[in-house]
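Heads up: the structure comes next, in structure tokens.
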Amino acid sequence: MRVVSGIKPTGNLHLGNYLGAVKQWVAMQDQIQAQGGETLYFIADLHGLTEFIAPAELTANTIEVTATMIAAGIDPARSILFNQARVPAHSELSWLLNNVARVGWLNRMTQFKDKAGKNREGASVGLYDYPVLMAADVLLYNATHVPVGEDQKQHLELARDIAAKFNTDYSSDLFTLPEPLVSKAAPRIMSLRDASAKMSKSNPSEQSVVKLVDSDDTIADKFRKAKTDPDLLPATLAELEGRPEARNLLTIFAALADRDPQDVLSEFAGKGFGAFKPALADLAVAKLGPIRDEMVRLLDDRAAIDAILTTGAEKARNLAAPVLASAQRAMGLVM
């Protein structure tokens, strides 16, 4: 079993990134390796180029995201941790797969439509084509499983379609068709000011998002001021229907505490948010504070982080090289 996943270096990772992705990766690192499998996690800096970003900012974000992942529990001695651009085979295989993928398949990708909006003609080719690079990211390592959220299932299906067509076209069994790895524990974290929208650092309200770099006081303040309703917490999850802010805070509490949401709700049933929010604030500070402190410590030695990425990239290149060479041979590019 080999699990591969990546995260874009957007900088200022927040609670939603941590609970929805990084925390799950740490758990997978332990679970998969206990079964004799491998985990590869990469910072998707090539994907970060699909919309313009200043070079210095991209570099800083890559270092920061790496530090955050390590601080959260990703162990470079146990998982292969690297940034995508240091493994040229990602780009090389992506070009080969561009000639296997069909335009009609890419036209069905909903995320391009969402991200490009009305400015499709002005969007970069990379923004349109990045699902093929995503396919290369996982097929390059013959990943058996890929962690996916609801918004990424379509991309994994594309990767499977590309792999199947390559294998058929070139009479090959080179590429493994990766399976989705959906963690029921991975929650969808919403804004603290509007639970109809995902938590995002692009939200103009600082109070809507808990950043992993926030101080203890700031984390506590954001939870105490989080939007709620005047009703008491009920005894069952079904009774939270129509109360998105209440459900969001309950989801965050349960995810941080590694508890079942119903178990948490039973503890606070009949109580108001005057009791629940301070308890959530204390829990968030206790869980996120040590990650922030370790991240800050790691960022004091950026050369050490660069060395970790260098070592991880060498391991990744060694895994990727034979797969890329086999793809080139299958397509008649090398003898």
4.5 Å side-chain heavy-atom contact, [X] and [Y]:
X    : Y    : value
D194 : K227 : no
L58  : L49  : yes
P234 : L240 : yes
M295 : V213 : yes
I63  : L299 : yes
Q207 : L192 : no
R78  : D30  : yes
L174 : F166 : yes

Taking [X] first and then [Y], would you say they form a salt bridge - that is, a charged N and a carboxylate O separated by under 4.0 Å?
X    : Y    : result
R160 : E179 : yes
R108 : D161 : no
D214 : R292 : no
K225 : D221 : yes
R86  : E314 : no
D282 : K277 : no
R297 : E294 : yes

Minimum heavy-atom separation for [X] to [Y], with atom names?
X    : Y    : answer
A101 : I162 : CB-CD1, 3.9 Å
L106 : P131 : CD2-CB, 4.1 Å
M28  : T39  : O-CG2, 4.1 Å
P261 : L250 : O-CD1, 3.7 Å
A330 : Y170 : O-CD2, 3.3 Å

Could you check whether any side-chain N or O of [X] sits under 3.5 Å from a backbone N or O of [Y], counting only pairs where one atom can act as donor and the other as acceptor?
X    : Y    : answer
T50  : H47  : yes
D301 : A304 : yes
S94  : H90  : no

Could you go through the salt bridge (Lys or Arg N to Asp or Glu O under 4.0 Å) check for R247 and E241 one step at a time? CA-CA 8 Å; R247 179 174 284 277; E241 184 69 29; 5.3 Å; no
Donor-acceptor list for residues 4-15 side chains, cut-off 3.5 Å, not counting sequence neighbours:
unit_1, atom_1, unit_2, atom_2, d
H14, ND1, G16, N, 2.9
H14, ND1, N17, N, 3.4
H14, NE2, N17, OD1, 3.4
H14, NE2, M199, O, 3.4

hydrophobic_cluster_shared for I189 and L283, side chain cutoff 4.5 Å: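 Cluster IDs for L283 and I189 match.
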Centroid separation Y41 to F82 less than 6.0 Å: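 Not close enough - the centres of the two rings lie 6.0 Å or further apart.
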Around N107, counting heavy atoms of other residues, nucleotides and ligands shown, do more than 12 lie under 6.0 Å from its CG?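 Check passes, neighbour count above 12.
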With sequence neighbours excluded, tell me which residues meet side-chain hydrogen bond (donor to acceptor under 3.5 Å, both in side chains) with D263.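 In terms of side-chain hydrogen bond (donor to acceptor under 3.5 Å, both in side chains), with neighbours along the sequence ignored, D263 is linked to R259.
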Residues which pass ring pair (Phe, Tyr, Trp, His ring centres under 6.0 Å) with F112, listed by chain and number, not counting sequence neighbours: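 Result, ring pair (Phe, Tyr, Trp, His ring centres under 6.0 Å) vs F112: Y128.
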